[in-house]
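Single-structure report; data block below.
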Protein chains: 4
Amino acid sequence: MAQDTKTRILTSAVELFAENNYHGVSMTEIAEGAEISKGTLYWHFDSKKELFREIAFSGMDHFNRLFTEIVNKEGTSKEKIKNLIECVLETLVDNLNILDVFRNNIELINNNFKDTLELKHQQNIGVVTNIIEQGIAEGFIKDADPNDIATIILTVLFTPQTKKLLDGAENVDQKIDFIYDFLMNGISREEH
Amino acid sequence: MAQDTKTRILTSAVELFAENNYHGVSMTEIAEGAEISKGTLYWHFDSKKELFREIAFSGMDHFNRLFTEIVNKEGTSKEKIKNLIECVLETLVDNLNILDVFRNNIELINNNFKDTLELKHQQNIGVVTNIIEQGIAEGFIKDADPNDIATIILTVLFTPQTKKLLDGAENVDQKIDFIYDFLMNGISREEH
Amino acid sequence: MAQDTKTRILTSAVELFAENNYHGVSMTEIAEGAEISKGTLYWHFDSKKELFREIAFSGMDHFNRLFTEIVNKEGTSKEKIKNLIECVLETLVDNLNILDVFRNNIELINNNFKDTLELKHQQNIGVVTNIIEQGIAEGFIKDADPNDIATIILTVLFTPQTKKLLDGAENVDQKIDFIYDFLMNGISREEH
Amino acid sequence: MAQDTKTRILTSAVELFAENNYHGVSMTEIAEGAEISKGTLYWHFDSKKELFREIAFSGMDHFNRLFTEIVNKEGTSKEKIKNLIECVLETLVDNLNILDVFRNNIELINNNFKDTLELKHQQNIGVVTNIIEQGIAEGFIKDADPNDIATIILTVLFTPQTKKLLDGAENVDQKIDFIYDFLMNGISREEH
DNA sequence: TATGAATGAGGGTTCATTCAT
DNA sequence: AATGAATGAACCCTCATTCAT
């Protein structure tokens with residue numbers, strides 16, 4: 001029952017934080033969403049900040065696990081980049097909430113959990129950087145700062161507009177290819 | 001004098017909304033920042049939401065003016081794209097808070113001003129789309145949906161990580177070139 | 001109106017703190033007692049602690065003024081001690097609230113305002129010490145540590161039981177004489 | 001084991017009530033102090049008030065036993081008064097928290113247990129009154145209302161300042177003599 | 001006996017908003 | 001135009017208390 005309650009709280013909180021920035025969500029709403037009393041909410045989480053922190057951290061860790069898995073698989077950098085894009089875009093389509101939580105709370109994260117979350121974020125970038133380095137070594141990716149490239153890839157993938165591109169699309173796969181192509185080749189006309 | 005007060009309010013509000021999401025900023029703080037009383041604040045703006053709306057709208061209009069100017073100038077699409085990138089990145093570097101205001105308040109905008117602001121946003125994309133169309137016609141840009149391309153360009157330019165890339169950089173021009181190159185050619189190794 | 005409101009708040013707060021220890025009094029009750037809203041209460045005082053502080057400090061200062069007045073008057077130490085006792089006992093009879101506030105909140109005072117209030121308390125003892133020193137010089141008071149004597153006098157005067165002695169008494173003057181006699185001569189049978 | 005738990009609860013509660021007035025102490029803290037769960041705490045005591053009541057009553061009874069013992073011993077009133085003072089001051093020095101519990105909760109006691117505790121208090125005064133009556137009969141104590149005298153003695157002995165006098169003292173015995181002398185002879189210069 | 005989980009009323013405090021001056 | 005004072009709803013959080021296990 002206890003674990004069930006905690007899960008219900010987290011589900012309710014993620015849902016609300018995904019819609020309405022941290023300050024726009026009240027503990028009362030979270031409790032109502034989880035169908036428990038406010039007292040119970042505070043029995044499971046010491047404070048609103050702590051609750052948010054747990055969500056944010058576990059979200060970051062979730063991506064870290066996914067990315068690490070991709071890196072450790074056998075395969076070319078090309079395959080891994082495709083995996084990476086598919087993995088993020090699938091998350092975007094299937095379970096957008098965590099990403100929206102981050103988007104809605106950039107300032108909060110920066111002001112309160114900057115140190116720890118920035119660290120986790122840099123770790124995630126670091127994992128992706130491995131793929132880029134492999135790609136450079138394989139002659140598949142241009143020889144620029146791999147960390148910058150990893151950063152800009154995640155930037156594009158985690159951007160609200162990317163989500164919007166998918167939302168309105170009749171053919172999702174086609175949009176995914178568009179994004180992949182953009183990441184790989186940019187917008188210029190290729191002439192080879 | 002009246003105009004002066006209103007300007008001071010807007011300056012104070014932009015500064016605060018750029019740091020601390022809408023719900024994290026109080027009218028008291030805005031009034032204090034503008035060095036006026038709360039009564040005066042409410043004399044100039046009917047409500048907090050109205051104040052925010054004015055800021056968001058004028059921010060959008062600001063970019064609309066800049067982009068339209070670029071489009072209407074004589075020149076190739078290549079020059080215009082370079083202009084566009086420089087224009088946005090300069091705004092980023094000059095630290096025009098309005099961008100942070102948007103970033104911190106995506107959810108508020110989505111929930112409250114979606115219709116009107118989305119319209120303005122689409123107008124801005126539309127302006128940039130003109131450049132892309134010109135580029136496609138000139139054989140400079142690949143033949144994909146020009147609206148999608150415009151969207152993804154603005155996405156990359158208006159992203160916090162892009163700003164961060166510039167912040168930490170020793171050589172800003174070099175980073176600008178990096179972003180320009182990324183937009184044009186992506187991350188793959190070019191082989192021509 | 002503003003000053004009036006502040007006075008009403010203080011009156012309400014003193015009354016309640018005199019009956020029910022700090023933690024037993026709510027800001028809601030204080031506001032209700034003053035017939036204002038809680039918002040107004042917080043407009044005048046930043047916090048509950050701050051409100052209490054103001055009451056405690058002003059109470060101390062009140063006695064400091066009274067005691068200083070007595071010390072500075074012309075007269076023998078005997079007259080001054082009588083004045084002192086009458087002054088405190090009159091306050092006990094007329095306006096017990098402030099004293100009860102102190103009594104009900106010894107622990108709070110010790111834990112929170114110890115430094116400042118202890119200082120004020122020592123100042124008050126210091127003023128009374130002047131009288132004792134004069135008494136010793138005049139050969140009227142025994143030659144012991146004047147600070148200790150001043151302390152024990154104020155102790156007896158400010159004690160709840162002293163108040164109780166007066167409460168139940170048919171003849172208040174007689175009880176006052178009893179206390180005066182106790183302070184001067186103790187409980188032993190005098191044999192001169 | 002059951003007895004052990006109850007004792008641990010009482011010890012924890014006395015310690016906390018001695019530091020932080022009734023309303024400033026939570027049942028959670030008491031349970032934590034006793035290293036038991038809140039459920040267990042409520043198994044042993046029906047309510048917070050009931051727990052406090054038990055502490056207050058047993059404290060009163062403790063002094064009643066001590067005082068009765070003194071009264072019933074053979075000896076002069078002088079010896080008994082010395083015994084009484086020593087007994088209370090030793091308790092003060094040994095830092096029996098129960099005295100601080102009373103001091104911190106005068107208002108609570110007055111508002112809730114007035115009838116029963118006042119009765120017990122009057123019983124204690126009554127026991128001391130026996131000593132005073134003996135003293136008057138022996139010509140050792142002045143011929144005033146013995147109940148008033150007993151009241152004022154306990155007042156002085158149970159006062160926080162009395163404890164403070166002892167706390168700071170280099171020579172405790174000397175301070176005890178000072179208090180004894182004050183009780184017996186007051187502050188005036190003796191001329192016999 | 002003992003526990004962890006749950007409750008809901010109430011605590012201090014903040015805040016957008018109003019209004020007489 | 002501008003202000004200070006007032007309002008009351010809502011907010012985060014604590015607490016005494018209960019109860020199934």
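Note: hydrogens, waters and symmetry copies are ignored here, and every other heavy atom, side chains too, is used. All values derive from a computational prediction rather than experimental measurement. Convention: sequence-line order gives letters A, B, ...; per-chain numbering from 1.
For C:Arg8 and C:Asp4, the salt-bridge test passes: some basic side-chain N is under 4.0 Å from an acidic carboxylate O.
For C:Phe102 and C:Phe158, the ring centers are positioned 6.0 Å apart or more.
Using a 4.0 Å cut-off, no side-chain N or O of C:Tyr42 falls inside it from OP1 or OP2 of E:dT14. Taking side-chain N and O atoms only, C:His44 has a distance below 4.0 Å to OP1 or OP2 of F:dA6. Note on A:Thr5: a side-chain N or O is less than 4.0 Å away from OP1 or OP2 of E:dA6. Regarding contacts with the backbone of E:dA2, every side-chain N or O of D:Thr40 stays at 4.0 angstrom or more from both OP1 and OP2.
Each of C:Tyr22 and B:Tyr22 lies near DNA chain E, and the nucleotide nearest C:Tyr22 is the one positioned closer to the 5' end. Between A:Glu35 and C:Gly39, the residue anchored nearer the 5' end of DNA chain E, judged by the nucleotide with its closest heavy atom, is A:Glu35.
Note: CD (D:Glu32) to C1' (E:dT3) measures 14 Å, nearest angstrom. We find that CD of B:Glu29 is positioned 13 Å from C1' of E:dA16, with the value rounded to whole Å. In this structure, NZ of B:Lys38 is placed 12 Å from C1' of F:dT3, rounded to the nearest angstrom. Distance, C:Asn20 CG to E:dG10 P: 16 Å, rounded to whole Å.
A 3.5 Å limit on both hydrogen-bonding distances identifies F:dA2 as the Watson-Crick or G-U partner of E:dT21.
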